Novice: 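Provided herewith is a single structure, encoded as C-alpha cells, for subsequent inquiry.
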Amino acid sequence: MEANTRSTGRLPAAFLTPGSSSFLDFLGSHAPELLPGGRSLPPVQGAVEIPHGTTIVAATFPGGVVLAGDRRATMGNVIAQRDIEKVFPADEFSAVGIAGTAGLAVEMVKLFQLELEHYEKIEGATLSLEGKANRLSTMIRGNLGMALQGLAVVPLFAGYDTDRERGRIFSYDVTGGRSEEHGFAATGSGSVFARGALKKLYRKDLTEQQAVTAVVQALYDAADDDSATGGPDLARRIYPIVTVITEDGFRRLGDEEGADIVRAIHERRLQEPDGPRASVL
Amino acid sequence: MSTPFYVSPQQAMADRAEYARKGIARGRSVVVLQYTDGILFVAENPSRALHKVSEIYDRIAFAAVGKYNEFENLRIGGVRYADLRGYTYDRDDVTARGLANVYAQTLGTIFSSVGEKPYEVELIVAEVGAAPEDDQIYRLPHDGSIVDEHGAVAVGGNSDQIGTYLDQRHRDDMTLAQALKLAVDSLGRDNNGGERRLTAEQLEVAVLDRTRPQQRKFRRVLGGALTRLLESGAAEAPASQDAGADEDSTEQE
C-alpha cells in the first residue's frame, strides 16, 4: 500500500492526517532522520574541534527589547569565522540569538523559524510569546544527547509580547530549562563579562537608542576580556548584529546605523579604555 | 457466490464525476485574477474563521471550493509538503508547479480508486513571479487534471458564467482596485442573470503582492482596508489607471 501511494506520487497519508499544527511533530512522524535530535553520534575520543559561536546579549526597554550578538566563531584557539551571524528573526515579533555549536545552532534556528511559520499558516493565528519560548525549549531538550557530548546549543530568545505590550527575554540551559529574565540577559562564553557590564549600565527607563548603546558596550566589554568574543572590527567594517523588536515588529539595525554607534563607543574608549564608569555608591 | 452487478468503467467514472461536480456546484465561487502587482483572490465567504483562500508558502497561495473538510485537509497537506521541501532543499525550490503536480496526483488517485469517495473539491494553486509574465495559476478539478490558466479564472457553483464574464472584461494591466471591482461584480451574478451587491462582510479577499518587501508575499485584505479598496474601485473611472496604486499598501494582516 505504502509503495503504491508513493509510486502514484500521491501525498502520503501523514501529510493529510489532521491534528498537529507543529512542523516538528510532523517531521518526527514522517521524516525523523531530518530532526537534529534524532541523530545518534558515534563515540568520539576527546574534544572535537568545531566552530562555536559566542556571546549574545539582550536588554528590555519600555516599548520593546534589544537582542545583539558579536560576530566571532572560534574553533579551539583559531578564529573560525569573523563575520558569522548569530542573531536571527524568529518571526515578526521575536528573535533568537544562539551561542554554542555553530552548525547545529543555525540548523535549530532554521527549524524554529519554520515551526513558527508553519503553525501560523496552519492555524491562521500566531503563537503567544510564551508558546514560542516553550517550543524552543522542546527543541533544545531534543538536543540534550548531543549537548552531553559537547555539542551544546544555548539560545537567548527575545520578543515583543503583543498581549502584555512589552519586550520580554527568555534564557535557556542545555536541558531546555527556560527562565524569563527581567531587564537584561546574556549567554555564551563572554556572557559573564557582558552581564557584569550590563549590570552597571542598565536602567529600566532606557530609551531604545540607549538600550542599543548599552548592549553594544556590553559586547565590547565581553570582547575585552574573553578571547572567543569578537570586538567590533573597524578595519573590516564588521560590527555586532543588533536587532530591535517593538510593537512595529522585528528590525535589524542597518550597517550605517550600527557603525555610528560602534564608532561613537570606540571614540570614547580611546580616552577611557574601560568604558563608562558607574558611581561607587 | 453471486456474480457482482456489472457496471461499465465508463459509467462508473461518469457517475463519480457527476457526484463530485454536483458537490462542487453547491458551493459559492472563488475567482482568481492577475493584476499589475500580483494575483488577487476573491471568495464569497461570510465566515471569518473558515478560509477558502490561504497562504501555502512565500509566493504560493491556495484557493478552493467544495467540501470544507476535504480541501482543508489538502491545504494542510500542501503546507506540510511546501515546508518540508523548503527545509530539505531551499525556499526557492518550492514551486507552484510541483505543488500542483502533487495535488493532481492525490486527487487523481482518490478519484479513480473505487474504495474511496471522490473528493468534491476544485482547487487553484497560484504563484506570483518577479514580473507579471512569471505568474502561474493552476486550476485542479476534482478528477486530478491540471489546467494552466492565465488572466482570470473562476471555480465553484456558477463558474462557467462568472468565467465568461471575467474573460470578456479582464486586462492584465488592471490595478488592484479595478481587479477587485471586476471580481466582486462577477461574483454577484447569479444563474438567471440577476445581480447582487456583495459587501465587504461577505467577501474574503487576499493578494499575492509581488511588491511586498517581506519574503512572504501573501496578505489578506481585511476590514477597513477592504472597504476603502472597494470604494476606490467603485469610484474609479476606467480612464484613471493608477489611482489604486497607493491603496495597495493597505494595512497588514
Side-chain angles (χ1 to χ4, degrees), chain A residues 1-36 88-89 91-93 106-126 139 162 247-252, chain B residues 47-51 53-58 60-62 68-91 94 98-113 115-116 119 144 204 206 213-216 218 220 222 252-253:
Chain A
M1 185 62 202
E2 185 62 13
N4 186 34
T5 56
R6 278 186 194 280
S7 69
T8 57
R10 173 183 176 174
L11 278 174
F15 284 75
L16 298 173
T17 313
S20 175
S21 309
S22 162
F23 186 67
L24 282 178
D25 291 356
F26 169 66
L27 266 193
S29 63
H30 179 66
E33 72 279 5
L34 292 175
L35 280 179
F88 303 90
D91 67 356
E92 216 182 321
F93 288 104
V106 170
E107 185 183 13
M108 194 178 280
V109 167
K110 203 173 139 192
L111 206 50
F112 182 55
Q113 290 168 328
L114 201 52
E115 173 78 2
L116 301 186
E117 182 191 327
H118 190 78
Y119 182 95
E120 195 183 317
K121 288 193 289 199
I122 299 250
E123 295 284 319
T126 50
M139 295 181 65
T162 43
E247 63 175 343
D248 299 326
F250 173 91
R251 183 172 74 94
R252 181 176 154 170
Chain B
S47 168
R48 295 291 123 219
L50 308 177
H51 294 304
V53 179
S54 314
E55 174 184 17
I56 296 278
Y57 210 64
D58 292 352
I60 305 172
F62 167 99
Y68 179 77
N69 66 323
E70 292 176 348
F71 70 67
E72 174 69 4
N73 250 6
L74 287 168
R75 178 183 77 84
I76 290 174
V79 172
R80 287 177 178 161
Y81 163 86
D83 279 350
L84 180 59
R85 203 178 164 81
Y87 181 65
T88 356
Y89 302 108
D90 185 77
R91 292 194 83 94
V94 182
L99 182 67
N101 262 317
V102 172
Y103 276 145
Q105 296 294 350
T106 306
L107 286 171
T109 317
I110 293 170
F111 181 70
S112 52
S113 90
E116 285 180 88
Y119 272 19
E204 178 183 355
Q214 288 93 329
Q215 197 170 24
R216 289 161 68 182
F218 183 83
R220 291 190 188 281
L222 302 162
Q252 307 280 313
E253 186 188 345

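What you see is a predicted model; the values in this text were computed from it and never measured. Residue numbers begin at 1 in each chain, while the letters A, B, ... track the order of the sequences.
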Novice: Examine whether an atom of Ala14(A) lies under 4.5 Å from a heavy atom of chain B, and if so say whether it belongs to the side chain, the backbone or both; otherwise answer neither.
Specialist: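 Contact with chain B is through the backbone of Ala14(A) alone.
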Novice: Evaluate the side chain to side chain contact (heavy atoms under 4.5 Å, CB included) criterion for residues Thr106(B) and Leu16(A): first the C-alpha distance (whole Å), next the side-chain angles of each, then the deciding distance (0.1 Å), finally the verdict.
Specialist: CA-CA 10 Å; Thr106(B) 306; Leu16(A) 298 173; 4.0 Å; yes
Novice: Flag the pair Arg216(B) and Glu120(A) as a salt bridge only when some basic side-chain nitrogen lies within less than 4.0 angstrom of an acidic carboxylate oxygen.
Specialist: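 Looking at Glu120(A) together with Arg216(B), the answer is yes, because their closest N to O distance falls below 4.0 Å.
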Novice: Without swapping roles, check the side chain of Lys121(A) against the backbone of Glu55(B) for a donor-acceptor pair under 3.5 Å.
Specialist: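 Flag not set: sc Lys121(A) to bb Glu55(B) has no pair under 3.5 Å.
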Novice: Among Glu72(B), His51(B), Glu116(B), which residue has the highest count of heavy-atom pairs closer than 4.5 Å to chain A?
Specialist: Glu116(B)
Novice: If the plane angle is over 60° it's perpendicular, under 30° parallel, otherwise tilted; pick one for Tyr87(B) and Phe23(A).
Specialist: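 Correct class here is perpendicular.
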Novice: Rounded to the nearest 0.5 Å, how far does NE2 of His30(A) lie from CZ of Arg80(B)?
Specialist: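 One finds 10.5 Å between CZ of Arg80(B) and NE2 of His30(A).
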Novice: For chain A, which of Val79(B), Asn69(B), Asn101(B) has the most heavy-atom pairs under 4.5 Å?
Specialist: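 Among Val79(B), Asn69(B), Asn101(B), the one with the most close pairs to chain A is Val79(B).
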Novice: Go through the steps for Arg10(A) and Ile110(B) under the test side chain to side chain contact (heavy atoms under 4.5 Å, CB included), then give the verdict.
Specialist: CA-CA 9 Å; Arg10(A) 173 183 176 174; Ile110(B) 293 170; 3.6 Å; yes
Novice: Show your working on side chain to side chain contact (heavy atoms under 4.5 Å, CB included) between Leu34(A) and Thr88(B) and close with a plain yes or no.
Specialist: CA-CA 8 Å; Leu34(A) 292 175; Thr88(B) 356; 4.2 Å; yes
Novice: Report the C-alpha distance between Phe26(A) and Leu84(B) in whole Å, list the side-chain angles of each, state the deciding distance to 0.1 Å, and finish with yes or no for side chain to side chain contact (heavy atoms under 4.5 Å, CB included).
Specialist: CA-CA 9 Å; Phe26(A) 169 66; Leu84(B) 180 59; 4.2 Å; yes
Novice: Checking Ile56(B) against chain A: side chain, backbone, both or neither under 4.5 Å from a heavy atom?
Specialist: backbone
Novice: Using ring-ring contact (aromatic ring centres under 6.0 Å, His included) as the criterion, list what pairs up with Phe71(B), not counting sequence neighbours.
Specialist: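 ring-ring contact (aromatic ring centres under 6.0 Å, His included) check on Phe71(B) returns Tyr68(B).
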Novice: Just jot down the side chain to side chain donor-acceptor pair (under 3.5 Å) partners of Thr126(A), sequence neighbours excluded, or say none.
Specialist: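 Residues passing side chain to side chain donor-acceptor pair (under 3.5 Å) with Thr126(A): none at all.
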Novice: If I compare all heavy atoms of Asp83(B) with all of Glu117(A), which pair ends up nearest, and what's the gap?
Specialist: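 Between these two residues, the closest heavy atoms are OD1-OE2, 4.1 Å.
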Novice: When rounded to the nearest 0.5 angstrom, what is the spacing between CG in Leu74(B) and CG in Leu11(A)?
Specialist: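 It is 7.5 Å, given to the nearest 0.5 Å.
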Novice: For Glu123(A), is there an ion pair with Arg75(B) - N to carboxylate O distance below 4.0 angstrom?
Specialist: no
